[in-house]
Amino acid sequence: MRVPFIAGNWKMNLTHLEAMDFLVDLESRFENKNGCEIAVCPPFTSIRSVKTLLDEKKIEASLGAQNMFYEQSGAYTGEISPLMLKALGVEYVILGHSERRQYFYETNGLVNQKIKSSIANGIKPILCIGETLDIRERGEAEDFVLGQLKECLDGIDQDAAALLTIAYEPIWAIGTGKTATVQDANGMCSRIRGKLSKLYKDKTAEEIRIQYGGSVKPSNISELMHASDIDGALVGGASLKVDDFLDIINY
Ligand code: PGA
């Protein structure tokens, strides 16, 4: 049985002071009726404060980062290493988000190096894959997404794969208010699982959680979560509003 996993991707939002206010508010109303695993992924500058509050307030949520570099240390101005994240109590890291691919030119090869490094350093990757509207309209979404998956997982063995979460995020649905239909989202998640079972043993493929991401909100979370191959959500905009985030968690 896969435990549903809902993660909030705050992107480049909230100062560490605003993040602390957010968590105080979240704690005052926190409930998790469905027993999902919850994670919050703040910007680097808020990770320390968020961790302190998660611990102090006993909010049962994991801590995630939104990116990392693959080296442990060195002359890489502006980068953050897996060791630094680990020392802060970070459990997950979002890798290959479409915004990193689009604005910072991250390739599948780079994402692959980051996945290997995160696993080697004890941080569980949330690998994002997803197609543009153009690719979908050309009827090439499945090939594209499964190609991304294959390249990003090149050389990742069975044991490492067991630590993965995959987030299927069609780019045209991110931040646009347009959600993929449940049929389309579930269909792609099921093809992703099919591909995983070609790359790994069936048991591993069955255990890897596949999230959907792209304009997830209180009004659409329930039907998404009831689809057979969607095991959770990577939530951007709606994870920044305490009410919406709680409604999503308690779908
Ligand atoms: P959104 O973002 O929920 O604001 O569409 C999702 C994501 O990019 O992870």
Side-chain angles (χ1 to χ4, degrees), residues 4-14 18-19 22 26 36-44 46-47 50 61-68 90-106 108 111 114-115 118 124-133 135-136 141 144-145 148-149 152 164-182 184-186 188-189 192 209-225 227 230-251:
F5 180 24
I6 295 179
N9 172 12
W10 294 3
K11 308 194 179 185
M12 196 177 72
N13 292 294
L14 307 184
E18 290 165 341
F22 178 94
L26 183 70
C36 298
E37 180 174 358
I38 310 299
V40 287
C41 306
F44 295 130
S46 298
I47 287 178
V50 166
S62 311
L63 185 57
Q66 299 172 20
N67 181 31
M68 52 159 249
V90 168
E91 197 177 329
Y92 291 96
V93 61
I94 298 172
L95 294 175
H97 191 280
S98 62
E99 287 149 17
R100 302 270 347 144
R101 295 173 186 265
Q102 183 183 351
Y103 303 125
F104 304 99
Y105 312 108
E106 292 202 8
N108 290 331
V111 174
K114 291 185 176 193
I115 293 176
S118 70
K124 293 176 269 188
I126 300 174
L127 165 63
C128 300
I129 49 180
E131 80 286 358
T132 60
L133 190 54
I135 293 173
R136 174 153 288 261
F144 181 83
V145 169
Q148 280 186 317
L149 185 70
C152 290
L164 284 169
T165 298
I166 311 287
Y168 167 56
E169 299 205 302
I171 295 172
W172 47 272
I174 295 178
T176 56
K178 288 186 204 150
T179 323
T181 63
V182 176
D184 283 347
N186 193 53
M188 188 64 86
C189 291
I192 291 170
R209 291 180 292 188
I210 305 176
Q211 298 173 319
Y212 166 79
S215 297
V216 172
K217 45 195 172 228
S219 60
N220 59 23
I221 182 71
S222 177
E223 50 169 356
L224 288 164
M225 293 302 285
I230 300 178
D231 308 315
L234 186 56
V235 188
S239 74
L240 291 164
K241 297 180 202 123
V242 173
D243 289 334
D244 285 0
F245 193 48
L246 283 171
D247 284 348
I248 287 171
I249 292 169
N250 295 296
Y251 62 89

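Start at 1 with the first residue, then count along the sequence. Order of listing sets the numbers, starting from 1, for every ligand and every atom in it.
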Among all protein heavy atoms, pick out the one at the shortest distance from atom 7 (C) of ligand 1; state its residue, atom name and that distance to 0.1 Å.
E169 OE2, 3.1 Å

If you measure from atom 6 (C) of ligand 1 to every heavy atom of A7, G237, G236, G175, which option wins on shortest distance?
G236

Polar side-chain atom of Y92 near backbone of A7 as donor-acceptor pair, under 3.5 Å
no

Any N/O pair T176/ligand 1 closer than 3.5 Å
no

Contact check, S215 vs ligand 1, heavy-atom distance below 4.0 Å
yes

Within-4.5 Å side-chain heavy-atom neighbours: N9 and E169:
no

Anything under 30° is parallel, anything over 60° is perpendicular, the rest tilted; go ahead and classify W10 against F22.
perpendicular

Taking N or O atoms only and a 3.5 Å limit, does A238 qualify as a polar contact for ligand 1?
no

Which residue in the set E99, H97, K114 passes side chain to side chain donor-acceptor pair (under 3.5 Å) when paired with N67?
K114

To the nearest 0.5 Å, what is the distance between NZ (K124) and CG (L95)?
14.0 Å

So which protein heavy atom does atom 2 (O) of ligand 1 come closest to, and at what separation?
K11 NZ, 3.2 Å

Run the numbers for me: atoms of ligand 1, each under 4.0 Å from some heavy atom of G214, listed by number.
5 (O)

Counting only heavy atoms, which portion of N9 has something under 4.0 Å from ligand 1: side chain, backbone, both, or neither?
side chain

In terms of atom number and element, which parts of ligand 1 are under 4.0 angstrom from non-hydrogen atoms of L234?
6 (C), 9 (O)

In Å, rounded to the nearest 0.5 Å, how long is the span from CD1 of I248 to CD1 of I6?
7.5 Å

Return the CD1 to CD1 distance between I249 and I38, rounded to the nearest 0.5 Å.
4.0 Å

Please confirm whether K217 comes under 4.0 Å of ligand 1, counting heavy atoms of the residue only.
no

Nearest 0.5 Å please: distance from the CZ atom of R101 over to the SG atom of C128.
8.0 Å

Honestly, for A173 the part within reach of ligand 1 (heavy atoms, under 4.0 Å) is backbone

